[in-house]
Structure formats: C-alpha cells, structure tokens
Amino acid sequence: MVSFRFPFSFSQPPRATSFSAFSISAVTVGAAAAAGAAIAASRNPKHPFLEWASSSHRSSLLPWGSITLADSTSESVVEPKTGFSFPASIGDSRRLLGVGLRKKSLLGLKNIDVYAFGVYADCDDVKKLVGEKYANLPASEIRGNKAFMDDLMEADIKMTIRLQIVYGKLNIRSVRNAFQESVGNRLNKFGGLDNDQLLLSFTSLFKDEYKIPRNSTIDLTKEPGHVLSVAIEGDHVGSVKSQLLCKSILDLYIGEDPFDKKAREDFLDNVASLAH
Ligand code: DAO
Ligand code: DAO
C-alpha cells in the first residue's frame, strides 16, 4: 500500500471518521477509497470534498504524520506559514504531493506572501512512467534522480498546481509582469530565446477584468497532450498547448531552483514513495 509522508499539518474533517491521520490500518487501497468515498458521499453526495474544505474546521499539527491513499478522500493538508488548506486529492487520481508558499520581494524592501500552492500529480500516470522506464531503480535512487525528474516534467502526466491567493492587493497587471519574469526565465532556460509569442499566448488569457482577491483559487492543470489549462475558482479561463510552457511552469515548483525548497523536498519524498 502506498503511504505518503507529510511533514506538515493536516486539517481534520469536522466530524470524526474511523480514519486516524497518524496511522491508517493496512487495507486495500480500492476498498478503503470506496469506504472513504461512501462516508463522504453520505454527507454531500454532490461534492464530498467541498463540504469539508469549505466548512470551518479544526486544524491539528501533526509533524511527520502520514497520509495514505485510504484517507485521501477525506483529508486536507495545511500550508503551515499561511494556514491555507489543500484537499489531499482532486479529480479522479491526482494526489497532493507537496505544499508551499510563493513569496516575492518588493523593490528589495520587503517580502510579501503572494500565494500558497499545492502540487498534485496523477498517481497512475506516475506509476506508468516508473514501470516503463525506472522499474529497476530502487526507491532510494529514484528520489531526486535527475532523469526521472526531467521525465516527470516532460512526460504526459496529469498534474495540477493549485494556487490560493494570500496577498490581497494583486491586480492582473502585476500577475502578468511577475509571470513574464518567472516563466519567461524558464522558457529561456529550456527553450532558447525566442519565446515571446508563447508567453503572450498565455498572458493574454489573463483579462484585465478578472479579480483575484485573497482566498481565490487558481488551478494550473497539465491536461493530456501537454495542454496547460487555467481555471479561476473552478471556471475554465483558457488553455495553451505547449510542452515547453508546461515544463517551465512545473519547474518553478519542483525544479532545481523552486519557489519553496520545502515543497520540492516533500514532493520528492512523496513521488518516490508513490513510485514503489
Ligand atoms: O502590488 O505591486 C504590487 C506587488 C505585486 C506582486 C505580484 C506578484 C505576483 C506573482 C504572480 C501571481 C500569480 C497568481
Ligand atoms: O508565481 O511567478 C509565478 C508564476 C505564476 C504562474 C501562475 C499564473 C497564472 C495566473 C492566472 C491568473 C489569471 C487571472
């Protein structure tokens, strides 16, 4: 059975379930997921996770607690510096593998917390990649293996970076500028210098009239076929098909010089345990 380790805090659903965040008994993943889903579904048949995610609930600090696929239907993970909480899974099989914080320095004077983020990857896609290319590599060597990490960012693996806005004064112009700097830098690193059109095809999705106040959720999802799609508060705002753009965005979070080193470390631990 797969066990993810999260060195950060969990928030518990408001009503206790039979699952404990510390240790979950060894049951088969399918049965446990079904049991979790059944409990959730009985509370809100339409959106089992949303109900828990949106209700005010008690958070508990569980350093190095472990979460398993079994309880991933009902758990969320709290980014410790901001208190923002992320569901342990989204969609059918995308699991949360790390959470972190994107900061930005303003004129070198002060650092602002811009958004908290969660990195999700499709377990089945990751396992398929491992089976096809890394089956002989022991878990200890897969963690942080350069070729494996490059493959993770380049292969056709469904991933989502969920952003939750912390900074309450973001406007679209500053998002576009920051994006041109951070993503532009990665496009140049991986793709050479002539990326203006690609950058523009993405930034032109950000319309001036969009509002992204504190607490807004933005999902950057890599769909099959290297399509990067953006949703604000669950509403799709546009997509761009580009393997280079997908890789450049992922590199900001799980590449060698990430926004939050801790988030990357957690991602590496969890992806390695997922792989084996
Ligand atoms: O108010 O001038 C200002 C500072 C804004 C900093 C913006 C950083 C934006 C980072 C990208 C956010 C993506 C949602
Ligand atoms: O933090 O520098 C960064 C990269 C941010 C990437 C996300 C930008 C997508 C924001 C879409 C906002 C649409 C209004």
Side-chain angles (χ1 to χ4, degrees), residues 79 81-86 90 94 96-121 153 158-191 195-223 226-264 266-267:
E79 193 291 309
K81 297 194 196 87
T82 58
F84 280 73
S85 133
F86 292 84
I90 52 178
R94 265 164 295 160
L96 182 60
L97 301 177
V99 298
L101 175 61
R102 154 71 152 138
K103 295 185 183 192
K104 174 140 178 88
S105 138
L106 287 191
L107 305 168
L109 290 174
K110 62 169 183 175
N111 261 324
I112 52 170
D113 294 350
V114 186
Y115 55 80
F117 63 86
V119 183
Y120 295 80
M153 293 194 276
K158 278 194 286 307
M159 292 180 88
T160 294
I161 311 289
R162 172 163 291 183
L163 320 181
Q164 295 196 59
I165 306 300
V166 178
Y167 184 62
K169 290 183 264 176
L170 266 188
N171 61 54
I172 297 300
R173 189 140 35 102
S174 49
V175 172
R176 244 187 249 124
N177 289 341
F179 186 86
Q180 272 159 4
E181 184 186 323
S182 60
V183 182
N185 171 302
R186 296 322 202 266
L187 289 174
N188 293 347
K189 173 175 161 191
F190 297 124
N195 299 303
D196 292 356
Q197 276 309 110
L198 181 55
L199 205 52
L200 196 63
S201 69
F202 195 70
T203 52
S204 64
L205 300 178
F206 316 162
K207 306 274 184 266
D208 286 335
E209 62 268 25
Y210 292 157
K211 297 276 178 282
I212 42 171
R214 185 178 161 90
N215 289 320
S216 310
T217 299
I218 300 174
D219 282 342
L220 305 172
T221 297
K222 182 177 171 182
E223 314 273 10
H226 307 281
V227 173
L228 179 69
S229 110
V230 183
I232 303 178
E233 295 297 321
D235 295 328
H236 178 78
V237 300
S239 324
V240 172
K241 183 178 167 71
S242 161
Q243 189 176 20
L244 175 60
L245 182 63
C246 290
K247 181 178 181 185
S248 297
I249 290 195
L250 292 175
D251 190 72
L252 298 171
Y253 304 93
I254 57 173
E256 279 168 355
D257 184 19
F259 285 141
D260 186 327
K261 290 194 167 60
K262 183 73 168 46
R264 178 177 193 260
D266 291 338
F267 177 85

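Atoms within a ligand are numbered from 1 in the order they appear, just like the ligands themselves.
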Next on the checklist: Among Val114, Ile165, Leu170, which one puts a heavy atom closest to atom 7 (C) of ligand 1?
Outcome noted: Leu170
Checklist entry - What residue among Lys241, Lys222, Glu223 forms side chain to side chain donor-acceptor pair (under 3.5 Å) with Ser229? => result Glu223
Next on the checklist: When you measure from the side chain of Asn171 to the backbone of Arg173, do you find a donor-acceptor pair of N or O atoms at a distance under 3.5 Å?
Outcome noted: yes
Checklist entry - For ligand 2, which atoms have a heavy atom of Tyr210 less than 4.0 angstrom away? => result 14 (C)
Checklist entry - Ignoring hydrogens and geometry, is there a side-chain-to-backbone donor-acceptor pair from Ser174 to Leu170 under 3.5 Å? => result no
Checklist entry - Side-chain contact, heavy-atom cut-off 4.5 Å: Arg264 with Glu256? => result yes
Checklist entry - Applying a 4.0 Å heavy-atom criterion (strictly less than), which segment of Tyr115 is in contact with ligand 1: side chain, backbone, both, or neither? => result side chain
Validation: residues 103-121 side-chain donor-acceptor distances under 3.5 Å, sequence neighbours left out:
unit_1	atom_1	unit_2	atom_2	d
Ser105	OG	Gly108	N	3.3
Asn111	OD1	Ser105	N	3.4
Tyr115	OH	Tyr253	OH	2.6
Tyr120	OH	Pro87	O	2.6

Checklist entry - How close does the nearest protein non-hydrogen atom get to atom 8 (C) of ligand 1, and which residue and atom is it? => result Lys104 CD, 3.6 Å
Checklist outcome for this item: OG1 of Thr203 to CG of Leu198, rounded to nearest 0.5 Å, is 9.5 Å
Checklist entry - Does Tyr167 have a heavy atom less than 4.0 Å from any atom of ligand 1? => result yes
Checklist entry - Of all the non-hydrogen atoms in the protein, which one sits nearest to atom 11 (C) of ligand 2, and at what distance? => result Phe206 CE2, 3.5 Å
Checklist entry - With atoms numbered from 1 as shown, which atoms in ligand 2 lie under 4.0 angstrom from a non-hydrogen atom of Phe259? => result 1 (O), 2 (O), 3 (C)
Checklist entry - Is a donor on one side and an acceptor on the other found under 3.5 Å between the side chain of Gln164 and the backbone of Asn215? => result no
Checklist outcome for this item: Quick note on ligand 2: atoms under 4.0 Å from a heavy atom of Ile172 include exactly 14 (C)
Checklist entry - Please state which protein non-hydrogen atom is closest to atom 4 (C) of ligand 1 and give its distance, to 0.1 Å? => result Leu106 CD2, 3.4 Å
Item to check | Check: Ile165 main-chain N/O paired with Arg214 side-chain donor or acceptor under 3.5 Å | outcome: no
Next on the checklist: Give the atom numbers and elements of ligand 2 that come within less than 4.0 Å of a heavy atom of Leu220.
Outcome noted: 7 (C), 9 (C)
Item to check | Salt-bridge contact Lys262-Asp266 (side-chain N to carboxylate O under 4.0 Å) | outcome: yes
Next on the checklist: Distance under 4.0 Å to a non-hydrogen atom of Ile232: what atoms of ligand 2 satisfy this?
Outcome noted: 13 (C), 14 (C)
Item to check | Ser182-ligand 2 polar pair, N/O distance under 3.5 Å | outcome: yes
Next on the checklist: Checking a contact table here: which protein heavy atom is nearest atom 10 (C) of ligand 1, and how many Å away?
Outcome noted: Ala178 CB, 3.5 Å
Next on the checklist: Is there a side-chain contact between Ile212 and Ile172 in this structure, where contact means two heavy atoms from C-beta onward sitting under 4.5 Å apart?
Outcome noted: yes
Checklist entry - Protein heavy atom under 4.0 angstrom of atom 2 (O) of ligand 1, is there one? => result no
Checklist entry - At what distance is the nearest protein heavy atom to atom 6 (C) of ligand 1, and which residue and atom is it? => result Ile112 CD1, 3.9 Å
Checklist entry - Tell me, which protein residue and heavy-atom name are nearest atom 12 (C) of ligand 2, and how many Å apart are they? => result Ile218 CD1, 3.9 Å
